[in-house]
There are 2 protein chains.
Amino acid sequence: MEEESPRSYYRHNRLKQLRAFCHAAQERSISRAAKRLGLSQPSVSLQIQALERELGITLFERRGPRIRLTPDGETLYELAGPLVEDIDGLPERFAAHHSRQQLGRLDIAAGESSSLYVLPELLRAFMARHPKVHVRLHNLTGQDLVTAVRQDQVDIAIGSSLDLPDDVVYKATYTYNLKLITPRDHMLADQDEITLNDLGAGELILPPRHLTTWRLVNLVFQQHDIPCKVRLEVGGWEIMKRYVELGFGIGIASSICLTGEERLAIRDLPDVFPRRTYGVMLRRGRFLSPQARRFLELMAPEVFSEGNEWEGGVPDARESVLVPAR
Amino acid sequence: MEEESPRSYYRHNRLKQLRAFCHAAQERSISRAAKRLGLSQPSVSLQIQALERELGITLFERRGPRIRLTPDGETLYELAGPLVEDIDGLPERFAAHHSRQQLGRLDIAAGESSSLYVLPELLRAFMARHPKVHVRLHNLTGQDLVTAVRQDQVDIAIGSSLDLPDDVVYKATYTYNLKLITPRDHMLADQDEITLNDLGAGELILPPRHLTTWRLVNLVFQQHDIPCKVRLEVGGWEIMKRYVELGFGIGIASSICLTGEERLAIRDLPDVFPRRTYGVMLRRGRFLSPQARRFLELMAPEVFSEGNEWEGGVPDARESVLVPAR
DNA sequence: CATTAGCTATTGATTATTTCAATATTAAAA
DNA sequence: TTTTAATATTGAAATAATCAATAGCTAATG
């Protein structure tokens, strides 16, 4: 009786059969069930017969114009009734799930500077507005950021990166300059013009190699063929500022990490240093969760507004990180 | 976009769509899903497309030869996955439910005499064999017994009834005589022949009017046009026996309730009293639960054996209660 | 006891849906 | 760039669902 191929196992429209059966069981009448289902009576009758034939059981006593559930029918109704209701109510339940967008998770990858200086304000606003979203902030740097985005380990990444693969989109949202920081009593603090040579002359304190700034600074010196003596490589911006204050040397830092409370002299750098941007990295073509979309709207409404090219679609524009934003 | 008629609401094969979707989500591949389902790749692809169209959402990112679930897709998979599995596993779960026949309920309606003298032995055996069946013994009499059977309030009824409607089948399983019971020192205890007139002469104690015996006795006296003086009507067999012992009169009782331990004289009645039968009442055409079928097999194997006309079918034979069984 | 009312089953033609083979298209990998 | 391996599309064929008409059944009614 039972065939083997998977094809035959899923045969016919089992749901339609069960629906016909369940409604008939509830109404205690095939005709009424047909009316409720918007079908003809023979249609419902045949569905139930097919179900009985395929299951090899009798579901209804049929004594002329009356039908009654058999014990088997009762059993099946108990099993199938909830399932049919659940499936037929699926669109509504889905919509409900979808509409309370407060729920869910948001995974953000960010570098140290983003985490320290860019995100706090943003996250405060976002979490206030979406108190039930569970946010996870992953600390990654450089290429790991890109990898996390490519492999869907996070919804979005915040940071700046020099070279991006084709399938990652970058949207710059903040622009910052690199600044020279020196002790207040340093020679360069009052000097009119500052040249690359002044910087390369020594005493330079740089952030760790895996940060974009390190690579950027190195790139500039190489392009201008100017040697660059580095005194110290430190583990982060706050540490660099501290060592500059203490007179260990001069540093090049993103203006983003300068709050104005430091006891430092802050000077512009020569124009050869490009402006840096911080922005969002997304896997190209990624469908964003509602939470992620909300976050992006909050972060840069003019770029990620509801209903623009991001809406459920494939982001297409690319921007070089080395080109100033706007 | 959404139509209103119930017809359009249940349209297409929603289950097939969800099945295609869920398998594709698990396999992360439409082709592999198709293979598992025994379908062609375009078939599954089209099912998923239809589902997306009808739900108005995108379930998969499609970037060339790769697909990934969108957030909406993940949500739907969480909702629909279990449902699809449940429905596709329904035949197995049904079979499982069906095979552990120990479970379930058995509703028996019975009169006082059946409950007191016929059923205990039967129920002990049945309950020992089917320890998990929940048995409910309903105490009803006369027409209520019939009503309960007709309205499916009980699975079966045990008792004897004088007139049965067409849609109730009666199967006699035990035959009993009516007996005359008197005090041991009563005049009739030693009399050779006992006539109707002897009985009607007075001192008769009868059971309550709603019992079959009462109607039967009355019928016999009426048919023979013999007056019958009743001294006392009591509430049950045990009570009647007690009052006869105490010398209040003589009684007519079913032999079924005479255990032999009574301090009574027991005499046969004139032949004009028909033999009574106790038996099973069933609604004609009723599909019996496995429990009920087991009980009947136990009660009268020769009548209700596995695989005879009762097997899921319509019992057809009728028997008059006034015709001696066998 | 025949009749009616109300329901279900059956049938055959019709319609809608699903399916497949062949083919086009796509994007990543070689 | 070509290859590869996946999905999308298409149009025709197979399959399943549907309906109108009708037959059959039972219980209730006069």
Side-chain angles (χ1 to χ4, degrees), chain A residues 5-8 10-21 23-25 27-35 37-54 58-69 150-151 165-168 283-286 314 316, chain B residues 5-8 10-21 23-25 27-35 37-54 58-69 150-151 165-168 283-286 314 316:
Chain A
S5 79
R7 171 76 181 73
S8 70
Y10 298 118
R11 75 197 149 198
H12 301 306
N13 197 330
R14 182 56 52 85
L15 176 60
K16 206 167 275 183
Q17 296 173 347
L18 290 172
R19 187 154 46 213
F21 163 67
H23 283 241
E27 294 280 349
R28 314 174 91 62
S29 155
I30 290 183
S31 305
R32 281 200 294 278
K35 210 164 292 172
L37 292 168
L39 295 174
S40 67
Q41 170 265 318
S43 186
V44 175
S45 183
L46 287 171
Q47 292 290 352
I48 295 175
Q49 287 175 42
L51 185 60
E52 289 180 315
R53 187 174 348 106
E54 289 168 24
T58 304
L59 297 170
F60 286 107
E61 285 179 25
R62 294 159 167 90
R63 297 189 57 64
R66 251 177 200 56
I67 59 170
R68 295 201 213 201
L69 280 177
R150 294 183 77 180
Q151 299 183 353
D166 254 10
D167 60 348
V168 172
R283 178 169 62 73
R284 178 176 307 281
R286 166 121 203 200
V314 181
D316 236 1
Chain B
S5 78
R7 171 77 183 74
S8 70
Y10 298 119
R11 73 197 151 201
H12 302 306
N13 197 330
R14 179 58 52 86
L15 176 59
K16 205 167 276 181
Q17 296 174 347
L18 289 172
R19 186 155 46 214
F21 163 66
H23 284 241
E27 294 280 350
R28 314 175 90 63
S29 153
I30 289 182
S31 306
R32 281 199 295 278
K35 209 163 293 172
L37 292 167
L39 295 173
S40 67
Q41 170 265 317
S43 187
V44 175
S45 182
L46 287 171
Q47 292 289 353
I48 296 174
Q49 287 175 40
L51 186 60
E52 290 180 314
R53 186 174 352 104
E54 289 168 23
T58 304
L59 297 169
F60 286 107
E61 286 179 23
R62 295 161 168 88
R63 298 189 57 67
R66 250 173 202 60
I67 61 169
R68 296 201 211 201
L69 279 177
R150 294 183 75 182
Q151 299 184 352
D166 255 11
D167 60 347
V168 172
R283 179 168 61 72
R284 179 178 306 281
R286 165 120 203 201
V314 182
D316 236 359

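What you are looking at is a predicted structure, and each value in this text was computed from that prediction instead of being measured. Throughout, a chain's letter reflects where its sequence line sits, starting with A, and its residues are numbered from 1.
When distances are taken from the side chain of A:Pro42 to each of C:dC20, C:dA28, C:dT11, the shortest belongs to C:dT11.
Phosphate proximity of C:dA9 to A:Ser45: present, with a side-chain N or O under 4.0 Å from OP1 or OP2. Put simply, A:Ser31 has no side-chain N or O that comes within less than 4.0 Å of OP1 or OP2 on C:dG6. Here A:Lys16 reaches the OP1 or OP2 of D:dT18: one of its side-chain N or O atoms lies under 4.0 Å away. For C:dA21, the OP1/OP2 oxygens have no side-chain nitrogen or oxygen of B:Ser40 closer than 4.0 Å. Proximity of A:Gln17 to the phosphate of D:dA17: no side-chain N or O atom is located under 4.0 Å from OP1 or OP2.
Rounding to whole angstrom units, CG of residue B:Leu37 and C1' of C:dC20 are separated by 15 Å. Between A:Arg32 atom CZ and C:dT8 atom C1' there is a gap of 13 Å when expressed in whole angstrom units. Computed from coordinates, the B:Arg283 CZ to D:dT26 P distance equals 13 Å when rounded to whole Å. One can place CG of A:Leu39 at 14 Å from C1' of D:dA20, the figure rounded to the nearest angstrom. Taking atom CD on B:Gln49 and atom C1' on C:dT19, their separation rounds to 14 Å, with Å as the unit. Look at CG on A:Asn13: it is 6 Å from P on D:dA17, rounded to the nearest Å. If you take CG of B:Leu59 and P of D:dA8, they are 12 Å apart, rounded to a whole angstrom. Rounded to whole Å, atom C1' of D:dT26 lies 13 Å from atom CZ of B:Arg150.
The backbone N or O of B:Glu61 sits nowhere less than 3.5 Å from a side-chain atom of B:Arg63 that would complete a donor-acceptor pair. Under the 3.5 Å distance criterion, the side-chain polar atoms of B:Arg32 are matched with a main-chain donor or acceptor of B:Glu27. Judged purely by atom type and a 3.5 angstrom limit, A:Glu52 has no side-chain atom pairing as donor or acceptor with the backbone of A:Thr58.
Within 4.0 Å of A:Ile67, counting heavy atoms only, lie sugar-phosphate atoms of the nucleic acid but no base atom. Using a 4.0 Å heavy-atom distance criterion, B:Gln47 is classed as a sugar-phosphate-only contact.
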Side chain to side chain contact (heavy atoms under 4.5 Å, CB included), that's the test. Do A:Val168 and A:Arg284 meet it? Break it down for me. CA-CA 5 Å; A:Val168 172; A:Arg284 178 176 307 281; over 6 Å; no

For A:Ser45 and A:Gln49, run side chain to side chain donor-acceptor pair (under 3.5 Å): C-alpha distance rounded to whole Å, both residues' side-chain angles, the deciding distance at 0.1 Å, then the answer. CA-CA 6 Å; A:Ser45 183; A:Gln49 287 175 42; 3.1 Å; yes

Tell me, with the steps shown, if B:Glu54 and B:Arg14 meet salt bridge (charged side-chain N to carboxylate O under 4.0 Å, His left out). CA-CA 10 Å; B:Glu54 289 168 23; B:Arg14 179 58 52 86; 3.0 Å; yes

Show the numbers, then the answer: is there a side chain to side chain contact (heavy atoms under 4.5 Å, CB included) between B:Phe21 and B:Leu69? CA-CA 10 Å; B:Phe21 163 66; B:Leu69 279 177; 3.7 Å; yes

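Sequence order on DNA chain D of the closest nucleotides to A:Leu46 and B:Pro65 puts B:Pro65 first from the 5' end.
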Dot-bracket for DNA chain D, 5' to 3', Watson-Crick and G-U pairs with both distances under 3.5 Å, [ ] for crossing pairs, | for partner on another strand, reads ||||||||||||||||||||||||||||||

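For B:Gln41 against D:dA8, a side-chain-to-base donor-acceptor contact under 3.5 Å is present.
The CG atom of A:Leu37 sits 7.0 Å away from atom CZ of A:Arg19, with the distance rounded to the nearest 0.5 Å.
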